Amino acid sequence: MAVEPVRFARASFFDTTAYLLRAFFWGGIGFLLGSGLVALAFGQSPYGDLGLTVGYLFGLVGWILGGGALEAWVKPWFGLPSDYDEGTGIARYFRFNTDHKVIGIQYLWASAFAFALAGGMAMLMRAELISPALDFFSSPQTYNSLVAVHGSLMIFAVAVVAIVGGFGNYFVPLMVGGDDMPFPYVNGLSWWFVIPGVLALALSPILGGSEAGWTGYAPLSIQGPSGGVLYFLGAYTLGISSLLTAVNVIGTVLFKRAPGLTLSRLPLFVWGMVATSFLNLLWVPVIGTAMLMGIFDRVVPTGFFRPEVGGIPLVWQDLFWLFGHPEVYIIILTAWAIWLEVLPVFGRRSLAGYGWAVGGFLGVAFLSSVVWTHHMFTTGLSDRLIPFMSTTELISIPTGFVFMVALATLWRARIRLAAPMLLVLMSMVNFLMGGTTGIFLADVPSDLMLQDTYFVVAHFHYTIIGGMVFTWLAGLYYWFPKFAGKMYDESLAKLAAWWVFIAFNLTFFPMHIAGIEGMNRRIAEYLPYLEGINTWISVWAFLLGVGFFLHLVNLVYSWIWGEKAPANPWGGKTLEWQTSSPPPHHNFEATPVVRGSFYRYGEEEA
Amino acid sequence: MDRRQARDWRNLALLWVVFGAFSSLVLVPWMIRNYPPVYALEGEVSDEAVFFLLYFAVTGFVLIVVSLVYMVARFRSGGEDDGGVGGRVHPLYVGLWVAISALLNVTFVIYPGVYGLKEIAKSAAVKDPLVVEVTALQWGWKFSYPQLGLTDQEELVLPRGKTAKIVVRSRDVLHSFWVPAFRIKVDAVPGTTNVLYITPTEEGSSEEDPRIRVQCAELCGVGHAWMRAPVRVVSEAAFLAWVEAQGGRRAQVLAREGE
Ligand code: HEM
Ligand SMILES: [Cu+2]
């Protein structure tokens with residue numbers, strides 16, 4: 001059975017989004033119910049910490065039921081009649097659905113939405129920073145809460161979601177030749193945690209904002225206006241989504257592989273997803289616990305992180321970074337994996353060093369769990385400095401394997417510079433810069449200077465935008481023919497790729513210098529001697545924003561009006577290319593059988 | 001190895017030599033010359049680490065990007081797809097890559113890592129340092145000199161050449177004590193006390209160079225950006241005059257220094 005291609009014009013807006021609108025409505029009612037109950041029972045403000053927390057929980061349940069889980073899942077539990085229709089065409093993306101491909105697209109649009117939202121906030125922040133004084137916002141509070149929301153959304157709803165949730169859901173089952181994930185209902189549910197998390201974070205400024213940045217350092221984060229509790233709630237919810245996805249990904253790889261697909265033939269993207277999923281499985285519960293402790297400190301109140309009552313603020317940092325550092329590799333591992341998928345396909349050359357690449361992924365995944373204290377070098381924990389400096393330096397060895405394999409694969413290749421390839425190469429250059437500046441932050445004597453300055457802001461934007469967002473774009477173009485069934489516009493894609501590459505570097509490179517000159521991070525105002533460089537950064541940041549918009553235009557335009565895509569436009573060898581574009585409901589007309597490596601070209605072809 | 005491959009290797013090697021020389025002989029020295037001035041002995045250790053790492057980091061970055069650009073330009077294919085080419089990694093390449101990256105990393109841990117930490121720690125062994133108790137609070141700084149009987153000063157004044165033991169505490173949330181011109185920083189953590197040793201090497205003040213200022217470097221709420229305090233590094237004599245003017249007493253620690 002072939003699936004209907006997406007038709008945007010035909011379906012009416014309300015038919016398409018009926019479930020989504022109902023989800024919002026029920027979510028809203030749930031929220032009012034919960035916070036109203038708190039107001040009645042405890043005489044507290046419905047928008048205080050407790051009111052928000054209880055309201056949010058009720059709202060979350062209302063939202064999930066409203067989205068279709070009521071008919072699809074709950075009614076059958078009670079033996080009630082239910083004729084839930086998962087929908088066709090575009091309507092599928094806005095209701096409860098159990099098809100991993102639909103869920104993948106749901107993740108993609110949700111994180112694109114979060115990216116636009118958080119990106120817009122970055123533009124406002126840069127508008128404030130054009131000049132030294134506070135002139136764009138009326139209070140630094142606004143800037144501080146925007147920093148927190150921008151950072152939290154970009155990390156918790158974009159960086160760890162877009163590739164892992166989007167491409168991971170869509171392509172892992174296809175690439176292993178399976179018909180779906182092992183727990184489709186759990187998978188369907190996982191997506192419904194994303195939007196509430198995004199909204200909780202994004203709406204916190206209305207209630208005074210969360211003040212403590214995306215890292216939520218206690219005790220600042222457990223004081224202050226009630227908007228602060230939304231940081232914990234939002235981050236916690238997004239964590240649940242990652243955890244459920246991790247279970248499914250690992251299950252898919254264990255149970256859904258096509259005959260002949262041994263582990264030693266597993267596509268690299270799948271390896272990247274496996275490594276990432278184990279990290280999520282291991283560490284999301286840790287940050288979940290931290291988030292709950294934070295909520296309790298605010299509403300109960302306990303005093304886990306409150307020094308006045310014997311709590312230890314630094315324990316928050318340990319719990320946060322125990323997850324938070326593996327997280328940055330959760331972000332980057334899948335991006336590397338996409339590099340190594342794209343390079344052989346567009347280089348038309350055998351992947352050089354498959355085993356080294358897998359070893360690199362696993363080595364990084366393992367080491368990433370034992371480096372977290374490098375975020376805490378200035379906190380005075382002197383006994384930990386040397387051990388964690390050593391592990392941190394060490395991690396660049398398996399990281400290097402990825403570059404080693406990538407460069408060897410390009411050597412004497414036959415490179416076709418289509419947009420996905422171009423963006424992967426750009427991503428390699430950008431990430432290399434981020435990795436290079438990481439050396440200075442791993443080394444304690446230099447980090448004591450650079451920690452918490454704009455050097456760090458530059459460093460992590462290079463690794464995350466440079467490494468992950470560029471690769472996300474590369475992946476979007478690479479797989480666009482597959483999931484949209486259409487071709488994108490190549491010239492516009494290349495133009496927009498060069499645009500963001502240039503604007504990105506001209507925005508973020510100078511931040512290194514600002515940091516060395518003495519500009520600390522998370523400030524709405526700075527001293528006049530830093531004005532020139534900041535004005536420059538702001539102007540290029542706006543142009544960078546325009547560049548991302550060009551990519552969006554291309555993708556949306558092509559999805560509607562693009563030419564029909566063939567099954568395998570790039571000559572890819574992995575299994576997702578061996579079925580129609582877009583793939584039928586259960587992926588393959590006949591179960592594929594794997595007979596050799598996916599990465600052999602030329603005379604060695606299997 | 002066929003002739004074309006030999007030529008590719010030769011070209012690449014040539015590019016490496018040219019760009020490697022440019023990076024390590026021109027680019028990095030230029031960056032180091034333009035690095036902002038440092039005002040403390042311990043900060044010099046931090047700078048030394050930065051400079052040492054710059055040679056490897058910048059040069060490594062340049063060489064890899066040059067290789068990438070060369071390969072993309074050289075191995076570009078405009079023609080029809082003919083099924084591609086095979087190939088695998090050469091053991092020599094892998095061996096060299098792994099060995100070099102491991103060697104570099106071990107080196108960096110030892111020098112400037114552990115070595116730099118030991119250098120910075122030497123200041124802790126200095127006898128009779130000038131004690132400055134720093135209190136960070138939302139949103140400001142207080143400086144007390146217990147040996148001199150001075151409390152709650154609004155300005156950090158230090159004599160040049162004398163090691164100061166900076167004792168940092170917080171009254172509320174996290175803060176971080178940082179003077180960009182001194183380089184190294186330490187967090188103010190509520191419930192604990194952290195110590196930083198600073199030996200100023202040059203005279204100067206916030207008016208002359210805005211990098212000589214105390215700047216809170218850990219987000220602490222609304223006033224984080226303006227949580228700064230002026231700093232002055234002065235001669236021993238000027239310092240004593242300042243202490244007297246503030247109503248402090250002339251203490252042993254300084255008297256012994258004056259010879
Ligand atoms: C679209 C271009 C972007 C611009 C112009 C931009 C700009 C900024 C700015 C001005 C800050 C605040 C720095 C400070 O005051 O300390 C910031 C912080 C941050 N950004 Fe971005 N950003 C962009 C995209 C991204 C992306 C794509 C990500 C990750 C996926 C990201 C992650 C973060 C994080 C984690 C923070 C730190 C927040 C915190 O300090 O708590 N940004 N960004
Ligand atoms: Cu502060």
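Everything numeric in this text was worked out from a predicted model, so none of it was measured. Order of the sequence lines sets the chain letters (A, B, ...), proteins ahead of strands, with each chain counted from 1.
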(request) Please round to the nearest 0.5 Å and tell me the distance separating atom NE2 of B:H224 and atom OH of A:Y143. (result) 10.0 Å

(message) Counting heavy-atom pairs closer than 4.5 Å to chain B, which one of A:I439, A:L417, A:I523, A:T392 comes out on top?
(response) A:L417

(request) Tabulate, in ascending numerical order, the residues of residues 29-47 of chain B having at least one heavy atom closer than 4.5 Å to a heavy atom of chain A, or enter 'none'. (result) B:Y35, B:P36, B:S46

(request) State, yes or no, whether a side-chain contact exists between A:N520 and B:M227 at a heavy-atom distance under 4.5 Å. (result) no

(request) Tell me, for A:L314 versus chain B, whether the close heavy atoms (under 4.5 Å) come from the side chain, the backbone, both or neither. (result) side chain

(message) Less than 4.5 Å to any heavy atom of chain B: does that hold for the side chain of A:V444, its backbone, both, or neither?
(response) side chain

(message) For the CZ atom of B:R213 and the CG atom of A:L527, what is their distance to the nearest 0.5 Å?
(response) 4.5 Å

(message) Given heavy-atom pairs under 4.5 angstrom as the criterion, report whether the side chain, backbone, both or neither of B:V168 touches chain A.
(response) neither

(request) Check B:L53 against A:S446 and note the closest heavy-atom contact, atom names and distance. (result) CD1-OG, 4.0 Å

(request) For chain B, find which of A:T436, A:L450, A:L432 contributes the most heavy-atom pairs closer than 4.5 angstrom. (result) A:L432

(message) So for B:L12, is it side chain, backbone, both, or neither that comes closer than 4.5 Å to the heavy atoms of chain A?
(response) side chain

(message) With chain A as the partner, which of B:V179, B:V94, B:T192, B:V65 has the greatest number of non-hydrogen pairs under 4.5 Å?
(response) B:V94

(request) Determine the option with the most heavy-atom pairs under 4.5 angstrom with chain B, choosing from A:E517, A:R416, A:R521. (result) A:E517

(request) Flag the pair B:W178 / A:D452 as yes when at least one side-chain heavy-atom distance between them is below 4.5 Å, and no otherwise. (result) no

(request) Inspect the surroundings of CZ in B:F19 and state if more than 12 heavy atoms from other residues, nucleotides or ligands are less than 6.0 Å away. (result) no

(message) Show, in sequence, the C-alpha distance, side-chain angles and deciding distance for B:F61 and A:V429, and conclude whether the side-chain contact (heavy atoms from CB on, under 4.5 Å) test is met.
(response) CA-CA 9 Å; B:F61 177 81; A:V429 172; 4.2 Å; yes

(message) Looking only at heavy atoms and a cut-off of under 4.5 Å, which of B:S101, B:G116, B:G113, B:A57 has the most pairs with chain A?
(response) B:G113

(request) State, yes or no, whether a side-chain contact exists between B:V89 and A:M404 at a heavy-atom distance under 4.5 Å. (result) no

(request) Quick one: which of B:A102, B:P190, B:P180 has the most heavy-atom pairs under 4.5 Å with chain A, could you say? (result) B:P190

(request) Under 4.5 Å, counting heavy-atom pairs only, tell me which of B:L196, B:N105, B:V109 racks up the most with chain A. (result) B:N105

(request) Would you please test A:Q223 and B:D172 for side-chain contact (heavy atoms from CB on, under 4.5 Å) and show each step? (result) CA-CA 11 Å; A:Q223 316 169 346; B:D172 34 55; 5.6 Å; no

(request) Considering non-hydrogen atoms only, spot the tightest contact between A:F401 and B:V98 and give its length. (result) CE2-CG2, 3.8 Å

(message) Report which part of A:P313 has an atom under 4.5 Å of a heavy atom belonging to chain B: side chain, backbone, both, or neither.
(response) side chain

(request) Against chain B, label A:Q451 side chain, backbone, both or neither, depending on which of its atoms sit under 4.5 Å from a heavy atom there. (result) both

(request) With a 4.5 Å cut-off on heavy-atom pairs, point out which of B:A121, B:G223, B:C220 contacts chain A the most. (result) B:C220

(request) Please flag which part of A:A218 lies under 4.5 Å from any non-hydrogen atom of chain B: side chain, backbone, both or neither. (result) backbone

(message) For chain B, which candidate among A:A212, A:G400, A:G353 shows the most heavy-atom pairs at distances under 4.5 Å?
(response) A:G400

(request) Identify which part of A:T437 has an atom lying under 4.5 Å from any heavy atom of chain B, answering side chain, backbone, both or neither. (result) neither

(message) Using heavy-atom distances under 4.5 Å, tell me whether A:M433 contacts chain B through its side chain, its backbone, both, or neither.
(response) both

(request) Compare all side-chain heavy atoms of A:L448 with those of B:R183 and state whether any distance is below 4.5 angstrom. (result) no

(message) Quick check: do B:F108 and A:M389 have side-chain heavy atoms less than 4.5 Å from each other?
(response) no

(request) Give, as side chain, backbone, both or neither, the part of A:Y529 having an atom under 4.5 angstrom from any heavy atom of chain B. (result) side chain

(message) side-chain contact (heavy atoms from CB on, under 4.5 Å), that's the test. Do B:K185 and A:T453 meet it? Break it down for me.
(response) CA-CA 11 Å; B:K185 60 171 75 71; A:T453 68; 4.1 Å; yes

(message) Counting only non-hydrogen atoms closer than 4.5 Å, does A:P445 touch chain B with its backbone (N, CA, C, O), its side chain (CB onward), both, or neither?
(response) both

(message) Quick check on the interface: out of A:I513, A:L394, A:L425, who has the most heavy-atom pairs with chain B under 4.5 Å?
(response) A:L425

(request) On the 0 to 90° scale, with breaks at 30° and 60°, tag the A:W411-B:F75 ring pair as parallel, tilted or perpendicular. (result) perpendicular

(request) Examine whether an atom of A:F403 lies under 4.5 Å from a heavy atom of chain B, and if so say whether it belongs to the side chain, the backbone or both; otherwise answer neither. (result) both

(request) Look at atom CD1 of B:I64 and say whether more than 12 heavy atoms of other residues, nucleotides or ligands are closer to it than 6.0 Å. (result) yes

(message) At a 4.5 Å cut-off on heavy atoms, which part of B:R228 comes close to chain A: side chain, backbone, both, or neither?
(response) side chain

(request) Taking the side chain as every heavy atom from C-beta outward, state whether B:W97 and A:L407 have any atom pair closer than 4.5 Å. (result) yes

(message) Do B:E218 and A:T378 make a side-chain contact, defined as non-hydrogen atoms from C-beta onward lying under 4.5 Å apart?
(response) no

(message) Distance check, rounded to the nearest 0.5 Å: A:S382 atom OG versus B:I120 atom CD1?
(response) 12.0 Å

(message) Rounded to the nearest 0.5 Å, what separates atom CD in A:Q317 from atom CG in B:D187?
(response) 7.0 Å

(request) Return the option, out of B:R211, B:R4, B:E48, with the maximum number of heavy-atom pairs under 4.5 Å with chain A. (result) B:R211

(message) Counting only non-hydrogen atoms closer than 4.5 Å, does B:V186 touch chain A with its backbone (N, CA, C, O), its side chain (CB onward), both, or neither?
(response) both

(message) Less than 4.5 Å to any heavy atom of chain A: does that hold for the side chain of B:D8, its backbone, both, or neither?
(response) both

(request) Check each atom of A:A524 against the heavy atoms of chain B and say whether the ones under 4.5 Å are side chain, backbone, both or neither. (result) backbone

(request) Begin with the C-alpha distance, continue with both residues' side-chain angles, and end with the deciding distance and a verdict on side-chain contact (heavy atoms from CB on, under 4.5 Å) for A:E211 and B:L219. (result) CA-CA 8 Å; A:E211 286 190 297; B:L219 180 55; over 6 Å; no

(request) Taking the side chain as every heavy atom from C-beta outward, state whether A:M428 and B:L68 have any pair of such atoms under 4.5 Å apart. (result) yes

(request) Taking A:N144 for its side chain and B:G221 for its backbone only, find out whether a donor-acceptor pair lies under 3.5 Å. (result) yes

(request) Measure the CZ-CG distance between B:R74 and A:L410 for me, rounded to the nearest 0.5 Å. (result) 14.0 Å

(message) At a 4.5 Å cut-off on heavy atoms, which part of B:L117 comes close to chain A: side chain, backbone, both, or neither?
(response) both

(message) Among A:M449, A:Q141, A:R412, which residue has the highest count of heavy-atom pairs closer than 4.5 Å to chain B?
(response) A:R412

